[in-house]
Amino acid sequence: MKILVTGGAGYIGSHTCVELINAGYEVVIADNFLNSCPVVLDRIKELTGRDFGFYECDLRDRAPLDKIFAEHKIDAVIHFAGLKAVGESVEKPLEYYDNNLGCTLTLCEAMRAANCKRLVFSSSATVYGMNNPSPLREDMPIGGTTNPYGTTKYMIELILRDLYASDNTWSIALLRYFNPIGAHKSGRIGENPNGIPNNLMPYITQVAVGKLPYINVFGNDYDTPDGTGVRDYIHVVDLALGHLKAVEKIMSGTGIDAYNLGTGKGYSVLEMIRSLEKASGKKLNYKIMGRRPGDLASCYSDPSKALRELGWRAERGLEEMCEDSWRWQSMNPEGY
Ligand code: NAD
Ligand code: UDP
C-alpha cells in the first residue's frame, strides 16, 4: 500500500514516515522545506534502510501534485504540510490562511481528480477553543479559536466535512493532536525549531544544552495544582503510530471522523522542567513571568474514542518522552 505524506520532512511527518516504512508501507513524501531541511530524508533512509519517493514542491501548486498521482498509485494521503507557529500566525495571518488553506484545497482537488479519496488530516487540540472544559471530547463544539493558526485548523475541519457531505465516497480522519514532544530513540530525528522555540519542551531542552539561559514560565497563578499551565504531552512516536491506525481505519470504509491523539494525562510547566532535569541530570533555571495571552490554564484529552474506534492508545510515559527529547537535543545541539 502506498501513502503520500505531505510535510513528511517535518517533525511529526518524519517520525510517521519511519513508522510507516517499518510497517511495510510504501511512502512518497511531498515537501518544500519551508520549515525543514533535506538532511531529514537521509536520516529517514538511514533509520529504515529503505528508499521512498520524494517530490520537492509547494502543495499550493497543482501541477506537481498531478504528477505525483500520475506516477504513483496512491492509496491514501496523510496531510501534515502547513505552518504551525501560533505567534507568527498573529503577525502574518494572510500567509497562514494562504498556506494552510491553499495546500489543503489544492491537495483535495488533485486527490479528487485522481480518484484517491482517503485522507488523514493533522488537526489540533486548538480547535476546541477557549470554552470547553478538559478533558476534551470529540463531540464538544469546536471553534472560538484565538489565533489565525488555530482558525486555519478549524476552517479546514469544516471544509473537509463539507467535502464529505458533497461526496460520501471520501474517507477522512481528522486527528486532533495534543502536545507532541520526544524524538526517535536513535536521536537521529527530532524537533528542529527555527530560532528561539515557541513551545515549552524545545525551549527547556535548549536551556539544558546551554543555548538559552533560563526558562520563562508563563504564569503561576492559574487554577491548576501548582499554578502553572497544564498540557497533555504525547510522545511523537505514539502520535506517529496513531497515524498508522488512522490509515487502517480510513481504508476500511467511508466517512469522516475526528479523533483526539493525546494521553489523557496533564502535566504542569514545573513538572515538565523537573522531569527534564531528571532526564538530563542538569539543574535548570527558570523565571516566573506573566501569563502568555490566549493561553488556557489546562488542556488535556479524553483519548477514549481513539482507543475504541482506532484501537490506539499512547504507550510512552513522561519519563521516556523527556529522555528521548534530551537525547535528540544533546546529540544535535544545533539541530540538523
Ligand atoms: P513541521 O513544521 O515540522 O512540518 C511541516 C512540514 O510541512 C515542513 O516540513 C514544511 O516544510 C512543510 N510545508 C509547509 N508548508 C508547505 C507547503 N506549502 N508545501 C509543501 N510543504 C510544506 O510541523 P510538525 O510539528 O511536524 O506539524 C505537522 C502538522 O501537524 C502541521 O499541520 C501542524 O499544524 C500540525 N500540528 C502540530 C502540532 C505540534 O505541536 N507540532 C500540534 C498540533 C498540530
Ligand atoms: N510555556 C512556558 N514557557 C515557554 C513556553 C510555554 O511557560 O517558553 C507554557 C505555556 O504557557 C503552556 C505550556 O507551557 O502552559 C505549553 O506551551 P506550548 O506553547 O508548548 O503549547 P500550547 O500552549 O500550544 O499547548
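Keep in mind that what you see is a predicted model, and the values were worked out from it rather than measured. For ligands, and for the atoms within them, numbers begin at 1 and follow the listed sequence. Each residue takes its place number in the sequence, starting with 1.
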(request) Run the numbers for me: atoms of ligand 1, each under 4.0 Å from some heavy atom of A9, listed by number. (result) 9 (O)

(request) Salt-bridge test for D51 and K45: reply yes if a basic N is under 4.0 Å from a carboxylate O, no otherwise. (result) yes

(message) Between N22 and T48, does the side chain to side chain donor-acceptor pair (under 3.5 Å) criterion hold? Intermediate values first, please.
(response) CA-CA 6 Å; N22 284 342; T48 59; 5.3 Å; no

(message) Using a 4.0 Å heavy-atom cut-off, which part of V269 comes near ligand 2: side chain, backbone, both, or neither?
(response) side chain

(message) Can you tell me which portion of N99 lies within the under-4.0 Å heavy-atom range of ligand 1? Options are side chain, backbone, both, or neither.
(response) side chain

(request) Considering only non-hydrogen protein atoms, determine which one is nearest to atom 34 (O) of ligand 1 and report residue, atom name and distance to 0.1 Å. (result) Y149 OH, 2.8 Å

(message) Give me the residue, atom name and distance of the protein heavy atom closest to atom 5 (C) of ligand 1.
(response) G82 O, 3.9 Å

(message) Checking a contact table here: which protein heavy atom is nearest atom 19 (O) of ligand 2, and how many Å away?
(response) R292 NH2, 2.8 Å

(message) Using a 4.0 Å cutoff against the non-hydrogen atoms of S122, which atoms of ligand 1 qualify?
(response) 29 (C), 30 (O), 32 (O), 35 (C)

(request) Examine Y203 against ligand 2 and note whether any of their N/O atoms are separated by less than 3.5 Å. (result) no

(request) Check each atom of ligand 1 against the heavy atoms of P180 and keep those under 4.0 Å away; list them by number with element. (result) 39 (C), 40 (O), 41 (N)

(request) Give a yes/no on ligand 1: does R176 have at least one heavy atom closer than 4.0 angstrom to it? (result) no

(message) At less than 4.0 angstrom from any non-hydrogen atom of V217, what atoms of ligand 2 do you find?
(response) 7 (O)

(message) When you measure from the side chain of K282 to the backbone of L276, do you find a donor-acceptor pair of N or O atoms at a distance under 3.5 Å?
(response) no

(message) Check for me, please, whether W328 and L212 land in the same ILVMFWY cluster - side-chain distances under 4.5 Å, paths through other members count.
(response) no

(request) Determine, using the 4.5 Å side-chain heavy-atom cutoff (strictly less than), whether Y149 and Y154 are members of one ILVMFWY cluster. (result) no

(request) Heavy-atom contacts with S124 under 4.0 Å: which atoms of ligand 1 show up? List them by number with element. (result) 43 (C), 44 (C)

(request) Heavy-atom distances under 4.0 Å are what count here, so tell me which part of C57 touches ligand 1: side chain, backbone, both or neither. (result) backbone

(request) Identify, for atom 10 (C) of ligand 2, the protein heavy atom at the shortest distance, and state residue, atom and that distance. (result) D295 OD2, 3.4 Å

(message) Under 4.0 Å, heavy-atom basis, I'd like to know which part of C103 is in contact with ligand 1: side chain, backbone, both or neither.
(response) side chain

(request) Considering the heavy atoms of D58, write down every atom of ligand 1 situated less than 4.0 Å from one of them. (result) 17 (C), 18 (N), 19 (N)

(request) Nearest heavy atom to atom 5 (C) of ligand 2 wins, so pick from T224, V207, L270, N198. (result) N198

(request) Quick one: look up the protein heavy atom nearest atom 2 (O) of ligand 1 and list residue, atom name and how far away it is. (result) N35 ND2, 2.7 Å

(message) How far is atom 21 (O) of ligand 2 from the closest protein heavy atom, and which atom is that?
(response) N179 ND2, 3.1 Å

(message) Do the side chains of R50 and E26 get close enough for a salt bridge, i.e. N-O under 4.0 angstrom?
(response) no

(message) Can you tell whether the side chains of E157 and R176 come within less than 4.0 Å, N to carboxylate O?
(response) yes

(request) Check the hydrophobic clustering (I, L, V, M, F, W, Y; side-chain heavy atoms under 4.5 Å; chains of links allowed) and say if I21 and V40 are grouped together. (result) yes

(message) By the definition ring-ring contact (aromatic ring centres under 6.0 Å, His included), identify the one residue from Y259, W312, Y177 that meets it with H243.
(response) Y177

(message) Give me the residue, atom name and distance of the protein heavy atom closest to atom 30 (O) of ligand 1.
(response) Y177 CE1, 3.3 Å

(request) Given side-chain contact (heavy atoms from CB on, under 4.5 Å), test Y267 with L318 step by step and report yes or no. (result) CA-CA 9 Å; Y267 290 100; L318 183 62; 3.6 Å; yes

(request) For ligand 1, indicate whether the residue E191 contacts it via side chain, backbone, both or neither (heavy-atom separation under 4.0 Å). (result) neither

(message) Any salt bridge linking D238 with R313? Criterion: basic side-chain nitrogen under 4.0 Å from a carboxylate oxygen.
(response) no

(request) Determine, considering heavy atoms only, which of L212, N216, L200, T228 sits nearest to atom 6 (C) of ligand 2. (result) L200

(message) I'd like to know whether the aromatic ring centres of F121 and W170 sit less than 6.0 Å apart in this structure.
(response) no

(request) Pull out every atom of ligand 1 sitting under 4.0 Å from any heavy atom of S123, numbered as shown with elements. (result) 43 (C), 44 (C)

(message) Among all protein heavy atoms in this structure, tell me which lies nearest to atom 37 (C) of ligand 1, with the distance rounded to 0.1 Å.
(response) I12 CD1, 3.7 Å

(message) So if I count the atoms of ligand 1 from 1 in the order they appear, which ones are less than 4.0 Å from some heavy atom of F33?
(response) 11 (O)

(request) Tell me which protein heavy atom sits closest to atom 28 (C) of ligand 1, plus the residue, atom name and distance to 0.1 Å. (result) F80 O, 3.6 Å

(message) Quick check on contacts: which atoms of ligand 1 are under 4.0 angstrom from a heavy atom of N32?
(response) 11 (O), 13 (N), 16 (C), 17 (C), 18 (N), 19 (N), 20 (C), 21 (N), 22 (C)

(message) Considering non-hydrogen atoms of the protein only, which is the closest contact for atom 12 (C) of ligand 1, and what is the distance?
(response) D31 OD1, 3.4 Å

(request) Identify, for atom 19 (N) of ligand 1, the protein heavy atom at the shortest distance, and state residue, atom and that distance. (result) L59 N, 3.0 Å

(request) Using a strict 4.0 Å threshold on nitrogen-to-oxygen distance, state whether R60 and D98 make a salt bridge. (result) yes

(request) Between Y233 and ligand 2, find which residue part has any heavy-atom pair under 4.0 Å and reply side chain, backbone, both or neither. (result) side chain

(request) Before accepting this row, confirm whether a basic side-chain N of the pair D221/R291 lies closer than 4.0 Å to the acidic partner's carboxylate O. (result) yes

(message) Could you identify the single nearest non-hydrogen protein atom to atom 18 (P) of ligand 2 and state the distance to 0.1 Å?
(response) N199 ND2, 3.5 Å

(request) Would you mind checking if E320 and R327 are paired as a salt bridge, meaning a charged N to carboxylate O distance below 4.0 Å? (result) no

(message) Would you say M321 ends up clustered with I12 if hydrophobic residues are merged whenever their side chains have heavy atoms under 4.5 Å apart, either directly or through other cluster members?
(response) no

(request) Find out if a path of hydrophobic residues (ILVMFWY) with successive side-chain heavy-atom gaps under 4.5 Å connects I68 to V247. (result) no

(request) For atom 1 (N) of ligand 2, find the nearest protein heavy atom and state the residue, atom name and distance (0.1 Å precision). (result) F218 CD1, 3.6 Å

(message) Check this for me: does any side-chain nitrogen of one of K2 and D75 sit under 4.0 Å from a carboxylate oxygen of the other?
(response) no

(request) Please identify which atoms of ligand 2 are closer than 4.0 Å to at least one heavy atom of G229. (result) 15 (O)

(request) Of all the heavy-atom pairs spanning T228 and V269, show the shortest one and how long it is. (result) OG1-N, 3.2 Å

